[in-house]
Every structure is written in structure tokens, then in C-alpha cells.
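Notes follow the structure.
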Amino acid sequence: MFNIGPLEIAVIAIVAILVFGPDRLPEFVRTAAKLLGQVRGMVSKAQNDLREELGPEFADLDVRDLNPRSFVRKHLLDGIDGDFDADKPISNGYATPERLPTGTRAPFDPEAT
């Protein structure tokens, strides 16, 4: 969670004890935990309200899909490797065209247009 390791947690705890003091620290932790619980409750309620308003067709909606970057990655780039090589043909189920030898003109069909 938040990519915080044990060393960072220890440093945060030491700084919190120095800043708030050992007497006020438990009260601060309780208040912070209560605030975090309220925020999680509001987010959960907003997600449930969104699912209810959209109807049963969107019951499996993941709110993270609303992020444009996640949407593109999930729906358009799914199945494409991160190691994209421009010289390597992409296998998309269609026959890959052959490359013409260097210096050869591409075929032209005047009736095709």
C-alpha cells in the first residue's frame, strides 16, 4: 500500500512522536483513522450510487476503468507486448504482407480507385 516500506514507516512514526508528542499521538492516530474510514465510506457509497444509476448492464463496472489511460490500456492495448519492435510484424490474425525488394515499385491497379 502506497509503496511504503518498514523503514519509511519507522521514520514517520519517529517524526510523529517528535512533532505531536507521546501524549497527543494516540488521539491524533484515532482522529486520522476515523477520517480515513469516513473517506473510504464516501468513496464506496459513490461507487455504489454510480452502479445503481447506470443500471444492471454496468454492474461489473470498475471505477478505475473511467481513467482514460486505464481505458485505453485495457481495451485497445490488451494483448500487445510492451516490447514493440517496428521491424517485427504484428500478429493480428491476418496474413502479413510481403516486403518488396529495395528499388522495386509497388504494384498499381488503375481500376482499384
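Along the sequence shown, the residues carry numbers beginning at 1.
Pairs passing the side chain to side chain donor-acceptor pair (under 3.5 Å) check and including a residue from residues 20-35, sequence neighbours excluded, do not occur. Every pair passing salt bridge (Lys or Arg N to Asp or Glu O under 4.0 Å) that includes a residue from residues 44-56 is listed here, sequence neighbours excluded: Lys45-Asp49.
Both Phe20 and Val15 sit in one connected hydrophobic cluster of ILVMFWY residues. Membership requires side-chain heavy atoms under 4.5 Å apart, directly or through other members. Both Val19 and Ile17 are part of a single hydrophobic cluster, where members link through side-chain heavy atoms under 4.5 Å apart. When hydrophobic clusters are built by joining Ile, Leu, Val, Met, Phe, Trp and Tyr residues whose side-chain heavy atoms come closer than 4.5 Å, directly or via intermediates, Phe28 is not grouped with Ile12.
The minimum heavy-atom distance linking Leu100 with Pro107 is given by the pair CD1-CD, 4.1 Å.
Other members of the cluster containing Ile14 are Leu18, with ILVMFWY side chains joined at under 4.5 Å, either directly or via other members.
In this structure, Glu8 contributes its side chain and Gly5 its backbone to a donor-acceptor pair below 3.5 Å.
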